[in-house]
Amino acid sequence: MTNPGAVVRTRIAPSPTGEPHIGNMYVALINWAVARRAGGQFILRVEDTDRTRFVEGAEETFIQAINWLGLRHDEGPDVGGPVGPYRQSERGDLYREQAERLIEGGHAYRCFCTPERLAEVRKARQKAGQATGYDRKCRGLAADEVRRRLDAGRPHTVRLAVPLQGQTRFTDGLRGPIVIENREVDDQVLVKSDGFPTYHLAVVVDDHLMGVTHIIRAEEWIVSTPKHVLLYEALGWDPPLFYHMPLIRNPDRSKLSKRNQPTNVLWYRREGYLPEAVVNFLGMLGHSMPDGREVFTRDEFLKAFSWDRVTTTGPVFDMEKFEWLSGMWIRRLSAEELARRLRDEGFMPAGLAEKFSEEQVTAIVTLMQERLRKLSEFAGGVGFFIDREPYEPADLLPTKGKNKKPTRTGPEVLAAIETMRSAFAGEETVGQWTAEALQEALRALADEMEWKPRDLFMPLRVAVTCRRISTPLFETMEILGRDECLARLDEAIEKAGSLA
RNA sequence: GGCCCCAUCGUCUAGUGGUUAGGACACGGCCCUUUCAAGGCCGCGACACGGGUUCAAGUCCCGUUGGGGUCACCA
């Protein structure tokens, strides 16, 4: 793959028309990997030629998104580079120049048809069951007529003069040769009446001028690739290599859309997923590791990436598997690092830092770590550390089986809690307030009382954590401290009094 | 509808002519266990169909079916 001497340049070319799409990140990841593997450059180019769809701030948000994933670009509007500018809106002269060349060479022509006429043509053709393309009315316009209309200031577009016969072929790096009949190709508008180029002109001009060697984009571009190939030929340029990545799908297999699934990659961030998990997940859509590993870092992916291991079938974005992976990544972090991420991403409840030392917070994070699939779940799991929470007296009862039949009566539970309370109060019973000592003492106590440990631990758990599902009991008690635990037991005794 | 792309468990995938078709998520069961998780073990579960080619086809070819994409002065 590495080919010293031959420069490899790839690019991601977002349109600043909305939010950073997860599918774009997927394509960016591959582009990034291909460039990095070859020691080449990964370029960011902003395709902002549609002024009507321009969204303020979208470019910045996109950059924020790829940076979050660690897909650093070497050249782009924010970092500069030798072949700028990197925004298409700032490259108008370059497109105009090439459009002129195309017209002079007979590969393009000016079209004065109005949008209304085009709509009619389309409608009529659709009705007749024909392909809905432009009918090429202006293609044969005499030079003097064109001159006349130009002088009259008639608005016009520039269209590609697609050969009427023959076929255009190109090789897709993933699928092999693709052949399309020229008669299937429309006389695509290259320059809009507002003077801005369309995607098709701009992409070819820019990729050539920027020295892009590998065009890696989504599969939806396959059918328009012949237009681009025709343009390369008409302009006398060598076409680059084309690779069309499969489209990520909704569960119903349609193209991924926010109707079905969040597609804004920053949503995943706000939701508390780790960037490692996102990159890892995208890296296993349509690609597999040689050793079958499913949990891997961005750099491991980079090292292992190979076109040979890329598939062409559109993968479904499986949220379940993604969540599993997210949990795997949370568990891979050190407790300190996890705590840092929770803080940095705004998922650390303020009350925790106020009430506990940094070491204690880290200890709490450790207890939560293997219970988390995303950072946002943290706060909900540790609320009881900060404040006592309401619970029903009946929650104190130990139960068994699926029907949750109580295994002890209310009075029994009340007595048990009282016994535990006095045990905790006396230094001699529980010497050191550590998880280990507590566990030892409680087990001895259970034995003495002839209670099953699990039956005894449930009332204690609820008394201490205010819930039946919680972090490990003894570690939690250690962090909470003796005084707080005693206070909570007092409250439980009060509640248990109401149990029959 | 025309054109183009695609086709292995529900999902992500391994597989490059000879495999009891492997792994992962999810699901079910068991174990571990102070709850919930995490972890371990076991199980369920797929080559869309039909023709070829071949001694041999999930693997190659053709067709059918199915899914997707695309048919803008959007990208």
Side-chain angles (χ1 to χ4, degrees), chain A residues 13-18 47-50 52-53 111 113-115 118-119 122 126 129-134 155-159 172 174-175 178-181 183-186 188-200 202-203 217-226 244 246-247 249 251-255 281 284-290 292-295 308-309 311-325 327-328 331 367-373 381 398 439 442-443 446 452-458 460-462 465 467-474:
Chain A
S15 183
T17 55
E47 313 227 319
D48 55 349
T49 57
D50 186 351
T52 63
R53 295 206 309 157
C111 170
C113 292
T114 63
L118 294 174
R122 197 168 320 146
Q126 205 157 36
Q130 289 174 286
T132 60
Y134 175 53
H156 67 278
T157 62
V158 176
R159 286 183 183 271
D172 181 280
L174 287 171
R175 300 155 224 269
I178 293 178
V179 182
I180 292 183
E181 299 293 328
R183 67 180 133 79
E184 303 288 345
V185 184
D186 194 17
Q188 180 66 46
V189 169
L190 301 175
V191 180
K192 300 180 251 185
S193 55
D194 64 3
F196 277 79
T198 59
Y199 170 83
H200 304 282
V203 76
R217 73 225 308 188
E219 187 181 6
E220 55 190 333
W221 293 107
I222 287 183
V223 288
S224 47
T225 302
H244 291 95
L247 242 21
R249 314 292 187 87
D252 70 358
R253 296 221 165 260
S254 55
K255 180 163 92 170
F281 187 67
M284 59 193 238
L285 293 184
H287 185 268
S288 57
M289 296 296 263
R293 246 181 317 169
E294 299 213 285
V295 183
D308 295 341
R309 307 198 62 80
T311 63
T312 46
T313 42
V316 170
F317 190 106
D318 183 359
M319 202 61 184
E320 289 281 4
K321 188 152 189 176
F322 173 64
E323 290 237 330
W324 163 76
L325 200 51
M328 294 296 284
R331 266 165 259 133
L367 297 184
M368 281 300 291
Q369 187 159 22
E370 66 191 26
R371 276 155 257 270
L372 295 179
R373 284 163 95 85
Q439 169 147 218
L442 260 328
R443 285 191 184 282
K452 285 181 185 167
R454 54 181 299 132
D455 283 355
L456 185 62
F457 295 163
M458 182 51 78
L460 180 59
R461 175 183 308 281
V462 175
T465 71
R467 24 179 118 174
R468 298 178 67 87
I469 295 172
S470 77
T471 46
L473 184 53
F474 310 114

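Per chain, numbering begins at 1; letters A, B, ... match sequence-line order. Heavy atoms only: backbone and side chains are in, while hydrogens, waters and symmetry mates are out.
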Would you tell me if any nitrogen or oxygen in the side chain of [X] comes within less than 4.0 Å of OP1 or OP2 on [N]?
{"X": "A:R371", "N": "B:A38", "result": "no"}
{"X": "A:R159", "N": "B:A72", "result": "no"}
{"X": "A:K255", "N": "B:G67", "result": "no"}

[atom1]-based separation of [M] from [N] [nearest Å]:
{"N": "B:C62", "M": "B:A7", "atom1": "P", "value": "13 Å"}
{"N": "B:C49", "M": "B:U13", "atom1": "C1'", "value": "23 Å"}
{"N": "B:C31", "M": "B:G23", "atom1": "P", "value": "23 Å"}
{"N": "B:G50", "M": "B:C55", "atom1": "P", "value": "22 Å"}
{"N": "B:C61", "M": "B:G1", "atom1": "P", "value": "26 Å"}
{"N": "B:U59", "M": "B:A14", "atom1": "P", "value": "16 Å"}
{"N": "B:G17", "M": "B:U70", "atom1": "C1'", "value": "36 Å"}
{"N": "B:G68", "M": "B:A26", "atom1": "C1'", "value": "24 Å"}

Can you tell me the pairing partner of [N] across any strand shown, Watson-Crick or G-U wobble, with both distances under 3.5 angstrom?
{"N": "B:C9", "result": "none"}
{"N": "B:U33", "result": "none"}
{"N": "B:A72", "result": "none"}
{"N": "B:C49", "result": "B:G63"}
{"N": "B:A38", "result": "none"}

| field | Out of B:C73, B:C6, B:U11, whichever nucleotide has its closest atom nearest the side chain of A:V189 | value |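 In terms of side-chain proximity for A:V189, the closest of B:C73, B:C6, B:U11 is B:C73.
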| said: Looking only at the side chain of A:T198 (C-beta and beyond, no hydrogens), which of the listed nucleotides B:U35, B:C73, B:C25 gets closest? | reply: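 The nucleotide sitting nearest to the side chain is B:C73.
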| query | So does A:K321 reach the base of B:A24 with its side chain, donor to acceptor, closer than 3.5 Å? | reply |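 Yes, the side chain and the base share a sub-3.5 Å donor-acceptor pair.
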| request: Answer with yes or no whether A:E294 presents, from its side chain, a donor or acceptor under 3.5 Å of a partner atom in the base of B:G23. | output: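 Side chain to base: pair found, below 3.5 Å.
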| field | A:E219 with A:R175: basic N within carboxylate O range, under 4.0 Å | value |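 Salt bridge: yes.
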| Measuring from A:F474:CZ to A:R461:CZ, what's the distance to the nearest 0.5 Å? |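 Here the rounded value is 7.5 Å.
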| task | Check the pair A:I178, A:T225 against side chain to side chain contact (heavy atoms under 4.5 Å, CB included), reporting the backbone distance first and the verdict last. | result | CA-CA 10 Å; A:I178 293 178; A:T225 302; over 6 Å; no
| Closest-nucleotide ordering on RNA chain B, the 5'-leading residue of A:F281 and A:M328 |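 First, find each residue's nearest nucleotide; the 5'-ward one identifies A:F281.
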| query | Relative to each other, are the rings of A:W221 and A:Y199 parallel, tilted or perpendicular (30° and 60° limits)? | reply |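 Aromatic pair A:W221/A:Y199 classed parallel.
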Assign [X] to base, sugar-phosphate, or nothing according to its heavy-atom contacts below 4.0 angstrom with the strands shown.
{"X": "A:E323", "result": "nothing"}
{"X": "A:L247", "result": "sugar-phosphate"}
{"X": "A:G286", "result": "sugar-phosphate"}
{"X": "A:P115", "result": "base"}
{"X": "A:S288", "result": "sugar-phosphate"}
{"X": "A:T312", "result": "sugar-phosphate"}
{"X": "A:T49", "result": "sugar-phosphate"}
{"X": "A:R373", "result": "sugar-phosphate"}
{"X": "A:L456", "result": "nothing"}
{"X": "A:R467", "result": "nothing"}
{"X": "A:T311", "result": "sugar-phosphate"}

| query | Of all heavy-atom pairs between A:R371 and A:L367, which one has the smallest distance, and what is that distance? | reply |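 Nearest pair, atom of A:R371 first, then A:L367: NE-O, 2.9 Å.
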| request: Using a cut-off of 6.0 Å, state whether more than 12 heavy atoms not belonging to A:K452 lie near its atom NZ. | output: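 It does not: A:K452 NZ has 12 such atoms or fewer within range.
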| message | For A:R468, I'd like to know if atom CZ has over 12 heavy atoms of other residues, nucleotides or ligands within 6.0 Å. | response |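 More than 12 heavy atoms, drawn from other residues, nucleotides or ligands, come within 6.0 Å of this atom.
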